[in-house]
Amino acid sequence: MIKRIYVLDVSYDLEEGKPYIMIWGISEEGERVVVIYKDFRPYFYLIVSEWGDNIENEIKNYSEPDSPIISIERGVRKYYGKEVKVIKVTTVIPESVRRYREKLKSIKGVEEVVEADIYFSMRFSIDMNVIPCNWIEMEVERLDKKGYRVDNVYVLKKVRGIIDKNPPKMKVLAFDIEVYNKYGSPDSSRDPIIIIGVKNDKEEKQFVMKGNDREIINSFASYIRDYDPDIIIGYNSNGFDWPYLLNRTKIHGVKLDIGRKVNSQPNQGVYGHFSIQGRLNVDLLGFAMSISEVKVKSLDNVADYLGVMPREKRANIEWNEIAKFWEREEKREELLKYNMDDVRSTYLLGEVFLPFGLELSKLTGLPLDQLSQASVGNRVEWYMIREAFKYNEIVPNKLEREGEEYGGGYVFEPMRGIHEGVYVIDFSSMYPNIMLKYNIGPDTLVNDGDCHRAPEVNHCFRMEPKGFYARIIERLLEERKKVKEMLNNVNDNATRKILEERQKALKVMANAMYGYMGWVNARWYSKEGAEAVTAWGRKIIREAAEIAKAEGFIIVYGDTDSLFLKGKGDINSLIAKIEERFELEIKVEKIYKRVFFTKAKKRYAGLTIDGKIDIVGFEAVRGDWAEIAKEVQERVIERLLVEGSVEQAIKMCREIIRNIRHGKYELNKFVIWKSLEKEINQYETELPHVKAAKKAMKMGFLIKKGSKIGFVILRGKGKLSDRAEPYYNVKSISDLDLDYYIDKQVVPAVMRILEYFGVTEKQLKEEGRQGDLTSFFNI
DNA sequence: TCCGGCTGTTG
DNA sequence: TCTTGCAGCCGGA
């Protein structure tokens, strides 16, 4: 029979020493199904200088009885665009491929072993065009359901192709666990799980520990089996909840049997994600990581930022107080609400992130559970691997390379002071368009001849035919254009939302191509390519600036692909000239009513004609300054841009400094957040956040590379770093070094702006009278 | 006082 | 574990 299946995930298992593929999905009729395919086998290629019986015989000699080599075929494929002779070697057990790679590489005449590191289920998905988050029409036959928790089990006879259709309604389950942590960081071999909260489209529910946690873990597992979610979402669940749950089940000698395959446990995969057979286990933290506006990516911060759970509406408990709330009868209610608020936040964040995730999964071909955890580089790479298959291009191996530095974008010297009426114009997707226009890539790099020659660095790229990157980028840009056209003609809201997320995914992918090319670990790495892209970028932006000057504009500032212009010229005619000159699209990004620059590059603040205030680069938008300093700087900027009043700004600063001295602000306004970019013992100097981290570790907190350290500076003598203390150790602001906060945080942040108006530090700090100020400004 | 380490930011 | 350019703080010499 013919079935249309929306594919959730593709996995495999072994049966009697042979692999079989499981395609997990939802049918058009809404059944949850698994489609089995037993005839796919792992393979890889040898690139050879010449075909020959001797090589083939030698390959046969290496055949292992447990996983024999079952076929050897000659073929021709492309390697960096050039045709090469290959031998395709097929075996039985996916894990044996790695061993064969090592052995066969030594055969004389074999230049390289390639595509031996493509995961088996991905290999199937690519070769058979069974791509996750797509509807696939297939011919199937029904099988016995034994061993699977699904409505139907089928065996795959034939894949007929992809059907363009909106995703089905999926069952989503959000969960969050709380654990006992009286002794600092929780230890899963000691501290039990005290609460497990869940939420789906029907209900909210909590499992609360009585006695030990064995019972609630079992209840949670059975709840999952009963509700039968397609997608399970958590927040940092791959980093915390799943490993914790699994360790607890191990201790109790029970299984976390929650997959759609009977007797399967969550299993840790390549990117550290936990895969659950037949379901997509998605950790939303992976999507939250791309929100650069939120510095500390905690669930409450992200949920507050995205408006799904405002901070003032939720129960707020510091994580080191959980045990206290648990132990006190009268406080436990509050802890339960805290847990449920986390679960609700997770569920609602799912509504924000999942539609985008589904589109990105559909584009890259990575199942959503892997995608949520995979880095940008890996997402790009899987997309490229898929494209390579279509073009018969061999996927290059991953190589250990030394990173080589190269030059980046051009930054103009800013014109100091306040400017009125400034246009910001910028090239749309400059780097991908340069890559496309000049056909840049490792496969198009040539020594000379008829070619595009990059300025400064002089690398040459052949004109024709189009290289791998150019073809990919062209496809991404064209596809996005198509989606945008569709958006103009579609009224249905559900479809519009899907198309909106799709064009976002296409844009994200196109914009990541240049960074990927310059990434040393990329399979399609090209230092020359990346270097040429930025060199062309520099030339283009500088020439565009010259054109602007000739048209009567003054260059106030510019960075990489943007120019800040003021003057009497005609902006539309300028844009037309630049577009004609470079054949690249340029647009007015925004218009500033007022914009302010210091002498520093990459730092400015502006008031747009829509009344919006932009702050770029300054302390106010950095995560490693105390909130109090950021707040004052932001307000000073606002006063200056909106009211144009330096006096008002100074008055406000004085008042705030006075209030700090009088202890009128909450402790959290003084916390400084910095992350540990290295393991703690790798540091050469004892920086404040490193010292604070060490103190926290001594208290039993789990701190490692990547942790965000929140600390305050205490009053007292000695080095700053000796007085840096984890914020949760400090109870009162009377313990803080308020002079540090005034002299080293608030005043410098404010002076960064005000010194350009002749204000001195002394004037800010002295409790002066209004009269002094006025006279000062009259000078 | 200067330099290098360090972090977070920029397009 | 997608890129480079840049500002500015801190510790240590």
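Each chain gets a letter, A, B and so on, in the order the sequences are listed, and its residues count up from 1. No experiment lies behind these values; they were computed from the predicted model shown.
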Visitor: Could you tell me whether A:G515 contacts a base, only the sugar-phosphate backbone, or nothing, with contacts defined as non-hydrogen atoms closer than 4.0 Å?
Guide: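 Contact class for A:G515: base.
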
Visitor: In whole Å, what separates the P atom of C:dG5 from that of B:dC2?
Guide: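 Going atom to atom, P in each nucleotide, I get 26 Å.
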
Visitor: From C:dC10, B:dC6, C:dC6, pick the nucleotide closest to the side chain of A:K744?
Guide: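 Of C:dC10, B:dC6, C:dC6, C:dC10 is nearest to the side chain of A:K744.
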
Visitor: When the C1' atoms of C:dT4 and B:dC3 are compared, how many Å lie between them, rounded to an integer?
Guide: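 Nearest-Å result for B:dC3 against C:dT4 at atom C1': 22 Å.
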
Visitor: Do you see a donor-acceptor pair shorter than 3.5 Å between the side chains of A:D614 and A:Y592?
Guide: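 Indeed, the side chains of A:D614 and A:Y592 share at least one donor-acceptor pair under 3.5 Å.
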
Visitor: Starting at atom CH2 of A:W625, determine the distance to atom C1' of B:dT7, rounded to an integer number of angstrom.
Guide: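 My rounded result for the distance is 12 Å.
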
Visitor: Choosing from C:dC9, B:dC6, C:dT1, which nucleotide comes nearest the side chain of A:L687?
Guide: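 Among the listed nucleotides, the one closest to the side chain of A:L687 is B:dC6.
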
Visitor: Could you pull out every donor-acceptor pair under 3.5 Å between side chains of residues 428-437 of chain A and any protein atom, sequence neighbours left out?
Guide:
unit_1: A:N433; atom_1: ND2; unit_2: A:S428; atom_2: O; d: 3.0
unit_1: A:N433; atom_1: ND2; unit_2: A:S429; atom_2: O; d: 2.8
unit_1: A:K437; atom_1: NZ; unit_2: A:F582; atom_2: O; d: 2.5

Visitor: Taking side chain as C-beta onward, heavy atoms only, is A:E474 less than 4.5 Å from A:E478?
Guide: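 With C-beta onward as the side chain, the pair touches.
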
Visitor: Quick one: label A:R752 by what it contacts on the DNA or RNA (base, sugar-phosphate, nothing), any heavy atom closer than 4.0 Å.
Guide: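 Sugar-phosphate contact only.
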
Visitor: Mind checking whether A:F701 and A:Y728 have ring centres under 6.0 Å apart?
Guide: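 Yes, close enough.
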
Visitor: Which pairs pass salt bridge (charged side-chain N to carboxylate O under 4.0 Å, His left out) with one or both residues in residues 747-756 of chain A, sequence neighbours excluded?
Guide: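 Found A:E619-A:R752.
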
Visitor: Rounded to whole Å, how long is the line connecting atom OH of A:Y406 with atom C1' of C:dG5?
Guide: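 The distance from OH of A:Y406 to C1' of C:dG5 comes to 12 Å, rounded to the nearest Å.
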
Visitor: Base, sugar-phosphate alone, or nothing: which one does A:Y410 contact when heavy atoms must sit under 4.0 Å apart?
Guide: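 Nothing, no heavy atom under 4.0 Å.
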
Visitor: State whether A:K691 places a side-chain N or O below 4.0 Å from either non-bridging phosphate oxygen (OP1 or OP2) of C:dC10.
Guide: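 Checking C:dC10 against A:K691, no side-chain N or O comes under 4.0 Å of OP1 or OP2.
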
Visitor: Over all strands shown, is A:G537 touching base, sugar-phosphate only, or nothing at heavy-atom distances under 4.0 angstrom?
Guide: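 A:G537: no heavy atom of the nucleic acid under 4.0 Å.
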
Visitor: Look for any protein N or O under 3.5 Å of an N or O in nucleotides 8-11 of chain B and output each such pair with its distance, or none.
Guide:
unit_1: B:dG8; atom_1: OP1; unit_2: A:S675; atom_2: N; d: 2.8
unit_1: B:dG8; atom_1: OP1; unit_2: A:S675; atom_2: OG; d: 3.0
unit_1: B:dG8; atom_1: OP2; unit_2: A:S675; atom_2: OG; d: 2.6
unit_1: B:dG8; atom_1: OP2; unit_2: A:E677; atom_2: OE2; d: 3.4
unit_1: B:dG8; atom_1: O4'; unit_2: A:R622; atom_2: NH2; d: 3.0
unit_1: B:dG8; atom_1: N3; unit_2: A:R622; atom_2: NH1; d: 3.3
unit_1: B:dT9; atom_1: OP1; unit_2: A:K295; atom_2: NZ; d: 3.1
unit_1: B:dT9; atom_1: OP1; unit_2: A:V621; atom_2: O; d: 3.4
unit_1: B:dT9; atom_1: OP1; unit_2: A:G623; atom_2: N; d: 2.6
unit_1: B:dT10; atom_1: OP1; unit_2: A:G617; atom_2: N; d: 3.2
unit_1: B:dT10; atom_1: O2; unit_2: A:K602; atom_2: NZ; d: 3.2
unit_1: B:dG11; atom_1: OP1; unit_2: A:Y604; atom_2: OH; d: 3.1
unit_1: B:dG11; atom_1: O3'; unit_2: A:D559; atom_2: O; d: 3.2
unit_1: B:dG11; atom_1: O3'; unit_2: A:D561; atom_2: OD1; d: 2.1

Visitor: Does A:T685 have a side-chain nitrogen or oxygen under 4.0 Å from the phosphate oxygens OP1 or OP2 of B:dG5?
Guide: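 Negative; the distance criterion is not met.
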
Visitor: Take A:K705 and A:E619, find for each the nucleotide of DNA chain C with the closest heavy atom, and name the residue whose nucleotide sits nearer the 5' end.
Guide: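 Its nearest nucleotide being more 5', the pick is A:K705.
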
Visitor: At under 4.0 Å, does any side-chain N or O of A:H689 touch on OP1 or OP2 of B:dT7?
Guide: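 Yes, such a contact exists.
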
Visitor: What's the closest nucleotide to the A:P688 side chain, out of C:dT1, C:dG11, B:dC6?
Guide: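 Closest of the options to the side chain of A:P688: C:dG11.
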
Visitor: May I have the distance from A:M513 (atom CE) to C:dT4 (atom P), rounded to whole angstrom?
Guide: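 Rounded to whole Å, this separation is 18 Å.
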
Visitor: Remember a base hit wins even if backbone is also touched, and classify A:R603 as base, sugar-phosphate or nothing at under 4.0 Å, heavy atoms.
Guide: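 A:R603: backbone/sugar contact only, no base atoms under 4.0 Å.
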
Visitor: Rounded to whole Å, please give me the gap between CD in A:E405 and C1' in C:dC6.
Guide: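 In whole Å, C:dC6 C1' and A:E405 CD are 14 Å from each other.
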
Visitor: Expressed in angstrom and rounded to an integer, what is the separation of A:M517 atom CE from C:dT1 atom C1'?
Guide: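 A:M517 atom CE is separated from C:dT1 atom C1' by 18 Å.
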
Visitor: Taking only N and O in the side chain of A:T534, is any of them less than 4.0 Å away from OP1 or OP2 of C:dT3?
Guide: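 No, no such contact exists.
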
Visitor: Are A:Y740 and A:F670 near enough that their ring centres are under 6.0 Å apart?
Guide: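 No, they do not, as the ring centres are separated by 6.0 Å or more.
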
Visitor: Kindly indicate whether the side chain of A:K295, heavy atoms from C-beta on, has any atom under 4.5 Å from the side chain of A:W673.
Guide: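 A side-chain contact under 4.5 Å is absent here.
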
Visitor: Provide the distance between the two P atoms, one in B:dG4 and one in C:dT3, to the nearest whole Å.
Guide: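 Looking at atom P only, B:dG4 and C:dT3 are 24 Å apart.
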
Visitor: Please report the distance, rounded to the nearest Å, between CE in A:M289 and P in C:dC2.
Guide: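 One finds 11 Å between P of C:dC2 and CE of A:M289, rounded.
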
Visitor: Rounded to the nearest angstrom, tell me the gap between atom CH2 in A:W382 and atom P in C:dC2.
Guide: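 The answer, rounded to whole Å, is 16 Å.
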
Visitor: Nearest whole Å is fine: how far is C:dG11 P from A:K694 NZ?
Guide: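 Going from A:K694 (NZ) to C:dG11 (P), I get 13 Å.
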
Visitor: Less than 4.5 Å apart, any side-chain heavy atom of A:F356 and any of A:V508?
Guide: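 Contact flag for A:F356/A:V508 side chains = yes.
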
Visitor: Tell me what A:Y740 touches on the nucleic acid: a base, only sugar-phosphate, or nothing, going by heavy atoms under 4.0 Å.
Guide: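 Counting heavy atoms under 4.0 Å across all strands, the contact made by A:Y740 is with sugar-phosphate only.
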
Visitor: Which one of A:F412, A:Y423, A:Y604 satisfies the ring-ring contact (aromatic ring centres under 6.0 Å, His included) criterion with A:Y557?
Guide: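 So the option named by the test is A:Y604.
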
Visitor: Would you indicate what A:A530 reaches in the nucleic acid, counting non-hydrogen atoms under 4.0 angstrom: base, sugar-phosphate, or nothing?
Guide: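 A:A530: no heavy atom of the nucleic acid under 4.0 Å.
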
